[in-house]
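Both backbone and side-chain heavy atoms feed into the values below; hydrogens, waters and symmetry mates do not.
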Amino acid sequence: MTSGERLRIGFIPEHFSTPLHFAKKHFGLDADLKPFPTGTGALTSSLKDNSIDVAIGLTEGFVADLGKTNAAKETPVYKLAGTYVDSPLCWAISVGNKSSINDKSELKGRRVGVSRIGSGSYVMSYVLADQSGWLSSSKSPFDVVPLGDFRALRNGVNDGDKADFFMWEHFTTKKFYDNGELRRVGDIHTPWPSWMIAAREATDNKLEDMAEKLNKGVGYFRDNREESVEHITGTMEYSREDAEAWLKTVEFSDNVRGVDAEVIKKTIQLLQKAAALDDKSGDAESMIAIRKASRAASS
């Protein structure tokens, strides 16, 4: 990233991206915003091939990818530089509208559709298996089927019949429960803050400016709920009712700069327990470029 280049920020085009858009619209964030509808797995790949400089994605996807990089004894191309959302993410578990599955207890050994290997949808399937007691050293709890973006996942459990179920964020999925395209058979919450910021060169001055502008975007989001709802309903496929309900559940970070090492440590431990990472995945410090004081230390 040279001084004459604009920052390239990859993001997932969902309601969580609203403060990022406000940072650019209202506070002059000088960056090219690049949408990645297939999710965090695509973001990590684009960080690695230098298609983007910064990514705002799901915590589990970044930690799982960095852990596998460490296990392979490779030098990471990017590290964690910030915390975007402090609240957990609710992953809805969906099946096709003609499926005979009625509860998440019936999913062991089934075909799980994921956006990409290593994505949040992939990692959380193993967290689900761990919480359900389905993990075994000799056999995978599911037949994993990479399908692509959200539309491909929906088609995969319906028209294509390529998967039996998939997992995606609750409010993004809810519309398709309401219109009868999908059925919900359960949910699972991340046991960690849900969104992080990863960067190739986290000490670059452009990152400092981005954090400052993004903090202002978060503040504007909080203070202007009606404009937030209008942005979500006007640019994305969400109803006003769902947008307003989501606003009551989400907690963006007061300061997006920096990452709590204790949070990443606990995430690594849970992913190892869920067999999404092995014991060679490294420690939290190796994944973090900018550290903030732990909550325990600051309380």
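Hydrophobic cluster membership is shared by L89 and L43, with clusters built from Ile, Leu, Val, Met, Phe, Trp and Tyr side chains linked at under 4.5 angstrom. In the hydrophobic cluster analysis, where Ile, Leu, Val, Met, Phe, Trp and Tyr join through side-chain heavy atoms closer than 4.5 angstrom, V218 is grouped together with Y220. Connection of M124 to F166 is not established within any shared hydrophobic cluster, with ILVMFWY side chains joined at heavy-atom distances below 4.5 Å, either directly or through further cluster members. I117 is connected to L47 through a chain of hydrophobic side-chain contacts under 4.5 Å among Ile, Leu, Val, Met, Phe, Trp and Tyr, so both are in one cluster. Placement of I56 and I12 within a single hydrophobic cluster is found when ILVMFWY residues are connected by side-chain heavy-atom separations under 4.5 Å, directly or transitively.
Judged purely by atom type and a 3.5 angstrom limit, D283 uses its side chain to pair as donor or acceptor with the backbone of S286. In this structure, R222 contributes its side chain and F252 its backbone to a donor-acceptor pair below 3.5 Å. Listed for the R183 side chain is no donor-acceptor partner under 3.5 Å among the backbone atoms of N102. Under the 3.5 Å distance criterion, the side-chain polar atoms of D159 are left unmatched by any main-chain donor or acceptor of N155. Distance alone, capped at 3.5 Å, is enough to place a donor-acceptor pair between the S194 side chain and the S87 backbone. At distances below 3.5 Å, at least one donor-acceptor pair connects side-chain atoms of N158 with backbone N or O atoms of N97. Looking only at distances, no side-chain donor or acceptor of S99 sits under 3.5 Å from a matching main-chain atom of D164. Remark: the backbone N or O of A152 is paired with a side-chain donor or acceptor of D149 at under 3.5 angstrom. Formation of a donor-acceptor pair under 3.5 Å by the D130 side chain with backbone atoms of L135 is not found in this model. The backbone N or O of T40 lies less than 3.5 Å from no partner atom in the side chain of S119, so there is not a single donor-acceptor pair.
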So K48 and D65, salt bridge (charged side-chain N to carboxylate O under 4.0 Å, His left out) or not? Walk me through it. CA-CA 11 Å; K48 291 175 181 177; D65 183 68; 2.8 Å; yes
Please step through side chain to side chain contact (heavy atoms under 4.5 Å, CB included) for the pair V250 and V85, ending with a clear verdict. CA-CA 8 Å; V250 67; V85 177; 4.1 Å; yes
Quick one: do F171 and T249 satisfy side chain to side chain contact (heavy atoms under 4.5 Å, CB included)? Show the steps, please. CA-CA 11 Å; F171 286 102; T249 70; 4.1 Å; yes
Applying side chain to side chain contact (heavy atoms under 4.5 Å, CB included) to L147 and S115, what does each step give before you reach the verdict? CA-CA 5 Å; L147 292 175; S115 57; over 6 Å; no
Evaluate the criterion side chain to side chain contact (heavy atoms under 4.5 Å, CB included) for residue pair E230 and R240; output intermediate values, then yes/no. CA-CA 8 Å; E230 290 176 358; R240 170 171 286 274; 4.3 Å; yes
Can you check salt bridge (charged side-chain N to carboxylate O under 4.0 Å, His left out) on R8 and D32, steps first, answer last? CA-CA 5 Å; R8 302 166 299 171; D32 293 325; over 6 Å; no
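At least one side-chain heavy atom of L107 sits less than 4.5 Å from a side-chain heavy atom of I101. Within the 4.5 Å cutoff, side-chain heavy atoms of T59 are placed close to those of T267. Put simply, the side chain of N70 reaches to within 4.5 Å of the side chain of M287, judged on heavy atoms. Side-chain contact between I188 and L128: present, with at least one pair of heavy atoms (C-beta onward) separated by less than 4.5 Å. Using a 4.5 Å heavy-atom cutoff, the side chains of L7 and D30 are not in contact. At least one side-chain heavy atom of R111 sits under 4.5 Å from a side-chain heavy atom of D161. The shortest distance between side-chain heavy atoms of Y122 and V144 falls below 4.5 Å. V77 places a side-chain heavy atom less than 4.5 Å from the side chain of R200.
Judged purely by distance below 3.5 Å, without hydrogens or angles, the side chains of W91 and E169 never pair a donor atom with an acceptor atom. Side chain to side chain, Y78 and D53 fail the donor-acceptor criterion of an N or O pair below 3.5 Å. At a cut-off of 3.5 Å, with distance as the only test, a side-chain donor of E14 or W168 sits close to an acceptor on the other residue. With hydrogens and angles left out, the side-chain atoms of H231 and E226 include no donor and acceptor closer than 3.5 Å. With hydrogens and angles left out, the side-chain atoms of Y177 and S94 include a donor and acceptor closer than 3.5 Å. In the model, T190 has no side-chain atom that pairs as donor or acceptor with a side-chain atom of E60 under 3.5 Å. Side chains of R116 and S45: a donor-acceptor N/O pair is present below 3.5 angstrom, by distance only.
Taking the six-membered ring for Trp, Y84 and F11 have ring centres at least 6.0 Å apart. You'll find the ring centres of F142 and F165 inside the 6.0 Å limit.
Considering all non-hydrogen atoms of both residues, G82 and V259 come closest at N-CG2, 3.4 Å. When all heavy atoms of G57 and F62 are compared, the closest pair comes out as N-CE1, 3.4 Å. Of all heavy-atom pairs spanning V112 and S125, the tightest one is CG2-CB, 4.1 Å. Contact detail for A276 and Y126: the closest heavy-atom pair is CB-CB, 4.5 Å. Contact record, D187 with C90: CB-SG, 3.9 Å, taken as the closest heavy-atom pair. Considering every non-hydrogen atom in both V229 and A243, the closest pair reads CG1-CB, 4.3 Å.
To the nearest 0.5 Å, atom CG of residue L80 and atom CE of residue M196 are 6.5 Å apart. Summarising the geometry, atom CG belonging to D209 is positioned 9.0 Å from atom CG belonging to N205; distances are rounded to the nearest 0.5 Å. Interatomic distance, CZ of F16 versus CE of M236, reported as 11.0 Å (0.5 Å rounding). Between K68 atom NZ and L271 atom CG the span is 9.5 Å, to the nearest 0.5 Å. Atom CG of L20 sits about 12.5 Å away from atom NZ of K213, to the nearest 0.5 Å. The line from OG1 of T83 to CG of D260 is 7.5 Å long, rounded to the nearest 0.5 Å.
In K24, the NZ atom is crowded: over 12 heavy atoms of neighbouring residues, nucleotides or ligands sit closer than 6.0 Å. Residue K162 places its NZ atom among 12 or fewer non-hydrogen atoms of other residues, nucleotides or ligands, all under 6.0 Å distant.
Using a cutoff of 4.0 Å between basic side-chain nitrogens and carboxylate oxygens, K216 and E212 are scored as salt-bridged. Using a 4.0 Å cut-off between a side-chain N of Lys or Arg and a carboxylate O of Asp or Glu, E244 and K248 do not qualify as a salt bridge. A salt bridge between E201 and K79 is absent, with no side-chain N of the basic residue lying under 4.0 Å from a carboxylate O of the acidic one.
Using cut-offs of 30° and 60° for the angle between ring planes, the H15 and Y238 rings count as tilted.
If you run side-chain contact (heavy atoms from CB on, under 4.5 Å) between I9 and each of I197, I52, V54, only V54 comes through. If you run salt bridge (Lys or Arg N to Asp or Glu O under 4.0 Å) between K175 and each of E241, E181, E237, only E237 comes through.
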